[in-house]
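Below you'll find the structure, written out as structure tokens, and then a few comments.
Order of the sequence lines sets the chain letters (A, B, ...), proteins ahead of strands, with each chain counted from 1.
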Number of protein chains: 2
Amino acid sequence: MYRIGELSKACDVKADTLRFYEKHGLLSPSMRTEAGYRMYTESDAERLRFILRAKAVGFTLAEITELLSIELDKSNWACADVKGMVDIKLEHVEEKIAELNYFRESLQRLSDACCGGPESAEHCSILEALESNSAEVKCENHTHQHTQTEYKASCKVKG
Amino acid sequence: MYRIGELSKACDVKADTLRFYEKHGLLSPSMRTEAGYRMYTESDAERLRFILRAKAVGFTLAEITELLSIELDKSNWACADVKGMVDIKLEHVEEKIAELNYFRESLQRLSDACCGGPESAEHCSILEALESNSAEVKCENHTHQHTQTEYKASCKVKG
DNA sequence: CTTGACCTTAGATTTAACTCCAAGGTTTAT
DNA sequence: ATAAACCTTGGAGTTAAATCTAAGGTCAAG
Ligand SMILES: [Zn+2]
Ligand SMILES: [Zn+2]
Ligand SMILES: [Zn+2]
Ligand SMILES: [Zn+2]
């Protein structure tokens with residue numbers, strides 16, 4: 001039996017978070033002391049660990065609520081249901097990754113086009129790319145006093 | 001000169017969003033009519049396009065505010081400053097991608113281990129993995145009436 | 001018998017970026 | 001002249017997942 005502070009320390013969650021999970025129906029302590037203190041059993045702790053593992057895998061609390069309801073009533077669900085949830089989540093994660101990859105590529109193009117030197121940003125190709133309507137990112141045409149080897153190598157489109 | 005609805009249509013943003021950007025100091029119309037209507041100039045429109053392009057690349061509005069302040073005062077900034085911002089953003093995006101890739105792999109492992117068939121979820125390997133303390137995901141050991149070719153192929157760890 | 005650590009509750013605040021609402025004023029077209 | 005379409009403002013609501021606050025009750029040690 002754990003008090004809220006003990007369980008919270010044991011699982012590296014804030015006590016507030018446990019109260020929050022209780023309010024949202026994810027995890028209620030099996031007992032209370034006379035004084036009203038929450039007492040969590042070992043099986044409550046297991047349920048919390050289930051929640052934290054699912055969270056670590058990327059499920060939202062709403063999805064975890066659904067998983068828990070299946071967990072408690074396994075025999076009325078099929079593998080297809082469970083796998084379906086995982087596969088939908090997988091799709092969402094893959095979409096988010098694709099979007100971020102697009103960001104990454106755009107940022108990399110911007111970064112590559114800028115010398116990053118001490119020169120004034122008046123002709124900085126990053127700012128010029130954000131000002132212009134085209135997706136093209138041009139190289140800088142201000143003079144570069146500093147060594148240019150890396151810059152030259154990465155710059156593809158002359159400005 | 002555009003009224004708010006015109007600019008909003010031209011740039012495919014809600015009028016509310018333009019008011020929101022004004023309230024947060026990103027974009028104020030250069031004029032107002034006597035009746036108080038916002039009137040955006042072409043240069044206001046350009047600024048908006050700058051904002052939208054930066055957003056499309058993944059910058060937050062706070063970061064865009066910073067970029068805009070550099071934009072308006074280019075000569076007092078160096079390429080190093082601008083490139084620094086892009087590179088920091090790039091790092092954050094890469095971290096987020098790494099995190100999501102980790103989610104993706106975990107979900108893929110879970111998905112692969114489950115037959116996805118009509119069998120009861122009582123021995124579903126997804127639920128068992130979430131119940132167990134180890135990161136290992138085991139294959140299902142219930143009997144599978146349906147064809148198992150795909151399932152067998154993807155399952156690595158026997159349960 | 002009091003200090004300090006711990007616990008209780010309801011409710012407010014945080015973050016980001018909008019989005020919506022109500023109540024009213026303006027423009028434009030018929 | 002009147003309806004439709006547009007604009008104004010301030011303020012509230014949305015989403016997710018906590019996190020914090022205030023005001024107070026409980027418990028063990030010294
Ligand atoms: Zn340069
Ligand atoms: Zn530059
Ligand atoms: Zn199966
Ligand atoms: Zn299964």
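At whole-Å resolution of the value, CE in Met39(A) and P in dC6(C) are 15 Å apart. Rounded to an integer number of Å, the gap from Arg38(B) CZ to dG25(C) P is 17 Å. Rounded to whole Å, atom P of dC7(D) lies 18 Å from atom CD of Glu34(B). Rounded to whole Å, the distance from CD on Glu6(A) to C1' on dC7(C) is 12 Å. As rounded to whole Å, 14 Å separates atom P of dC7(C) from atom CD of Glu22(A). Note: OH (Tyr40(A)) to C1' (dC7(C)) measures 11 Å, nearest angstrom. Following rounding to the nearest Å, Ile4(B) (CD1) and dT9(D) (C1') show an atom-to-atom distance of 12 Å. When the C1' atom of dC7(C) is taken as reference, atom NZ of Lys9(A) falls 12 Å away, rounded to whole Å.
Checked by atom type and distance alone, the side chain of Ser8(B) pairs as donor or acceptor with a backbone atom of Val13(B) at under 3.5 Å. Glu140(B) places a side-chain N or O within donor-acceptor distance of the main-chain N or O of Cys115(B), the cut-off being under 3.5 Å. Using modelled atom types, one side-chain atom of Asp81(B) and one backbone atom of Ala78(B) make a donor-acceptor pair closer than 3.5 Å. The main-chain N or O of Ala121(B) is never found under 3.5 Å from a side-chain atom of Lys74(A) such that the two would form a donor-acceptor pair. Formation of a donor-acceptor pair under 3.5 Å by the Asp44(A) side chain with backbone atoms of Thr41(A) is found in this model.
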Quick test: give all pairs of protein nitrogen or oxygen and nucleotides 15-20 of chain C nitrogen or oxygen below 3.5 Å, distance rounded to 0.1 Å.
{"unit_1": "dA17(C)", "atom_1": "OP2", "unit_2": "Leu61(B)", "atom_2": "N", "d": "3.4"}
{"unit_1": "dC18(C)", "atom_1": "OP2", "unit_2": "Tyr21(B)", "atom_2": "OH", "d": "2.8"}

Under 3.5 Å between N/O atoms: give me all the protein pairs with nucleotides 26-30 of chain C, atom names plus distance.
{"unit_1": "dT26(C)", "atom_1": "O4'", "unit_2": "Tyr37(B)", "atom_2": "OH", "d": "3.2"}

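Glu105(B) and Asn101(B) form no side-chain donor-acceptor contact under 3.5 Å, judged by distance and modelled atom types alone.
Listed by chain and residue number, Thr60(A), Lys89(A) satisfy the side chain to side chain donor-acceptor pair (under 3.5 Å) test with Glu63(A) (two or more places apart in sequence, or in another chain).
Of the candidates Ile88(B), Asp87(B), Val57(B), Leu107(A) forms a side-chain contact (heavy atoms from CB on, under 4.5 Å) with just one, namely Val57(B).
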Verify side chain to side chain contact (heavy atoms under 4.5 Å, CB included) between Arg3(B) and Arg38(B), making sure each step is shown before the conclusion.
-> CA-CA 6 Å; Arg3(B) 295 203 308 194; Arg38(B) 291 169 178 81; over 6 Å; no
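Across all strands, Arg19(A) comes closer than 4.0 Å to base atoms (heavy-atom distances).
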